Student: 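Quick one: structure below, then a few questions.
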Amino acid sequence: MTAADSAGESIGAFDYVVVGAGPAGCVLANRLSADPDVSVLLLEAGGKDDYFWIHIPVGYLFTMNNPRTDWCFKTQPEAALNGRALNYPRGRVLGGCSSINGMIYMRGQARDYDQWRQLGNVGWSWDDVLPYFKRSEDFAGGADEAHGSGGEWRVEEMRLTWEILDAFRVAAAEIGIPKTDDFNRGNNEGCGYFQVNQKRGVRWNAASAFLRPVASRANLRIVTHAQATRLLLEGRRVIGLDFLQHGQPRKAAVRGELLLSAGAIGSPQLLELSGIGAPALLAAHGIALAHALPGVGENLQDHLQLRLAYKVSHTRTLNERANSLLGKAGMALEYFLFKRGPMTMSPSQLGCFARSDANLETPNLEYHVQPLSLDRFGEPLHSFPAFTASVCNLRPESRGQVHIQSADPTTQPTIRPNYLATAEDRRVAAEAIRLTRRIAAAPALARFAPEEFKPGRQFQSEEELVRAAAEIGTTIFHAVGTCRMGNDGLAVVDDRLRVHGLTGLRVVDASVMPTITSGNTNAPTIMIAEKAADLIRQDRRARSPSPMPC
């Protein structure tokens, strides 16, 4: 599809067009527009991040599954989860997922990035990427060999603790999982409170960090309520794109590069809508083939969390406070007066990284432990005191897909995570439940008399534990990998994030990860964008004619 075939009104030509104002898009817009000689257009399908609940940490309860801030995707029914279809939140607002996520700052493990390098992706080892993590970081503890300070991305400690979570931490130590105060130094083994992207008790999203300080730059244009619908190509070069703004067709021309930062769901969807993908799939939807790339939309990876819940005694949890009018009033007062208390909570406060097998080199399990319980996300908390220990396999073998189901860009794509598809993933799920029970049975928790009610002690054998995982498993919102980086026939981008076989087009978001990182995925996405900005600037300088010698 060329510009001549596009019917929308043009809003002009730009050196860089960034599609998606999530964490990656905000970083790109900031870094690229720092050069006054280039023009940058940032398109966001959602609106401004001015919704009250975005900035109050506990407001994630009101931003997920809310069409004002969330795409409200759903998966296809998952066979290994008893045919359940899951809600699959993705941010649709300035700041993207950083405006609705759990605010946890987590890089993963050094081995994650060393593995990317071993797969042939030059420049993506831990030593290569650590400077990019540090560049944007403003760590409350100050700069050192692992952390940066003075950057845009604020990282602070939790602003509250809970007796039951402190006891869980001691219980983990009693069975051999050490305490830690910092998960972000290359090996995240241990148990401790998560670091979060907050600033004095307020959510610090990517729009606040990277976009708002530079929004007035003359060479940066930010357009909201603008959903990209297809890329425009001239031969093998991307020269522009079509988009809908408030439902009206528009187009923009690209003089330099189009940077696709629509995320692990949106980026493959837009490529396929533009005729870039597997030929048979495109033909089935009546889309003319522009460029064959069979790996588009494949390699979807996600962390499946198993939510084990325990009733407890002789302590208070959030369940009781949230179910009391007096408790709710106290929480609100504590927050608005002091920016402390439960309203500063991320969805999970205590983290724990452990091994399902002692022979493993590094932890392969992550816990998100919460002083609360509920039947499912979005429903009221239980009336009795309880805690939830959610545990996920950090390195799943299962691979899923994201593909269009229509040539209509407003139709959501099909999302098939394909959880627990391998025998190893099912084995690790069973071991994760067993390990959680060992922690719950440790002496430090005995005085609280923990009683497992989800999934329940009746599940004991390997087969029963896998069945339990099917009942309590759900997404932890870490979708990655659908435009993966590499050099084989199913890779979508190279190690400079350029789409194979095309010019003027890169993908810069979590979809380029060849393998999922061992932890939460927001911080790695920001790192990817930081590194991409350098690559883009380097390539621009390489293309520019050298000045004539004097």
Side-chain angles (χ1 to χ4, degrees), residues 1 3 5-12 14 16-26 28-29 40-51 63 65-74 88-100 206-207 211 221-233 238-254 258-277 285 287 296-297 402-415 479 482-483 505 507-511:
M1 183 66 63
D5 301 313
S6 177
E9 176 186 350
S10 176
I11 67 166
F14 302 84
Y16 298 109
V17 174
V18 183
V19 179
C26 288
L28 289 173
V40 180
L41 171 66
L42 176 63
L43 296 178
E44 168 54 43
K48 296 180 179 180
D49 62 325
D50 54 4
Y51 182 41
T63 57
N65 304 318
N66 179 347
R68 178 171 179 168
T69 49
D70 181 6
W71 282 96
C72 298
F73 291 133
K74 289 185 76 74
Y88 216 66
R90 297 283 92 190
R92 188 174 186 266
V93 63
L94 288 181
C97 286
S98 73
S99 294
I100 71 171
L211 206 55
R221 182 171 178 183
I222 303 167
V223 180
T224 56
H225 301 288
Q227 182 178 347
T229 56
R230 65 182 171 187
L231 310 182
L232 305 175
L233 285 81
V238 173
I239 59 169
L241 85 163
D242 286 341
F243 63 96
L244 295 173
Q245 186 177 23
H246 295 291
Q248 298 302 308
R250 300 283 187 268
K251 62 182 177 183
V254 178
L258 188 142
L259 310 171
L260 191 48
S261 299
I265 308 303
S267 288
Q269 179 190 23
L270 185 56
L271 289 174
E272 290 180 342
L273 289 169
S274 307
I276 303 167
H285 295 296
I287 297 174
V296 170
V402 174
H403 291 299
I404 56 170
Q405 57 180 332
S406 167
D408 179 356
T410 64
T411 299
Q412 292 191 357
T414 59
I415 303 170
T482 51
C483 296
L505 178 63
V507 181
V508 183
D509 57 31
S511 72

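All values derive from a computational prediction rather than experimental measurement. The figures that follow rest on heavy atoms only: side chains count, while hydrogens, waters and symmetry mates do not. Index from 1, following the sequence.
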Student: Does S261 reach the main-chain N or O of V508 with its side chain, forming a donor-acceptor pair under 3.5 Å?
Tutor: yes

Student: Just list the side-chain donor-acceptor pairs under 3.5 Å for residues 40-48, sequence neighbours left out, or say none.
Tutor:
{"unit_1": "E44", "atom_1": "OE1", "unit_2": "A21", "atom_2": "N", "d": "2.9"}
{"unit_1": "E44", "atom_1": "OE2", "unit_2": "G46", "atom_2": "N", "d": "2.8"}
{"unit_1": "E44", "atom_1": "OE2", "unit_2": "V93", "atom_2": "N", "d": "3.1"}

Student: Would you call R250 and V223 a side-chain contact if the rule is heavy atoms closer than 4.5 Å?
Tutor: no

Student: Has the side chain of Q412 got a donor or acceptor atom that lies under 3.5 Å from a matching backbone atom of W71?
Tutor: yes

Student: Provide the closest heavy-atom pair for L211 versus C26 in the form atom of the first, atom of the second, distance.
Tutor: CD2-SG, 4.0 Å

Student: Q405: which residues meet the side chain to side chain contact (heavy atoms under 4.5 Å, CB included) condition with it, sequence neighbours left out?
Tutor: T411, T414

Student: Minimum heavy-atom separation for P413 and F73, please, with both atom names.
Tutor: CD-CE2, 3.9 Å

Student: Got a second to check how far I265's CD1 is from S511's OG, nearest 0.5 Å?
Tutor: 9.5 Å

Student: Treating D70 as the side-chain partner and G91 as the backbone partner, does any N or O pair qualify as donor plus acceptor under 3.5 Å?
Tutor: no

Student: Which atom pair, heavy atoms only, marks the closest approach of G240 to V254?
Tutor: CA-CG2, 3.6 Å

Student: Could you please spell out the steps behind the side-chain contact (heavy atoms from CB on, under 4.5 Å) verdict for F243 and I11?
Tutor: CA-CA 11 Å; F243 63 96; I11 67 166; 3.8 Å; yes

Student: Do L241 and L231 have side chains that approach each other closer than 4.5 Å (heavy atoms only, starting at C-beta)?
Tutor: yes

Student: Hey, what do you get for CZ (R90) to SG (C97), rounding to the nearest 0.5 Å?
Tutor: 4.0 Å

Student: Under 4.5 Å between any side-chain heavy atoms of R92 and Q227, yes or no?
Tutor: yes

Student: Ignoring hydrogens and geometry, is there a side-chain-to-backbone donor-acceptor pair from T69 to T63 under 3.5 Å?
Tutor: yes

Student: Using side-chain hydrogen bond (donor to acceptor under 3.5 Å, both in side chains) as the criterion, list what pairs up with S99, not counting sequence neighbours.
Tutor: N205

Student: Of all the heavy-atom pairs spanning C483 and L271, show the shortest one and how long it is.
Tutor: SG-CD1, 3.9 Å

Student: What are the two closest heavy atoms between Q245 and T224, and how far apart are they?
Tutor: NE2-O, 3.5 Å

Student: Any heavy-atom pair between the side chains of T229 and L273 that's under 4.5 Å?
Tutor: no

Student: Please, which pairs that meet side-chain hydrogen bond (donor to acceptor under 3.5 Å, both in side chains) have at least one residue in residues 263-272, sequence neighbours excluded?
Tutor: S267-D509, E272-H403

Student: Mind checking what makes ring-ring contact (aromatic ring centres under 6.0 Å, His included) contact with H225, not counting sequence neighbours?
Tutor: H246

Student: Please find the pair of heavy atoms, one from V19 and one from A228, that lie closest to each other, and give the distance.
Tutor: CG1-CB, 3.7 Å

Student: If you measure from CG on L505 to CG on L233, what distance do you get to the nearest 0.5 Å?
Tutor: 7.5 Å

Student: Can you sort out the partners of Y88 under ring-ring contact (aromatic ring centres under 6.0 Å, His included), two or more places apart, ordered by chain and number?
Tutor: none

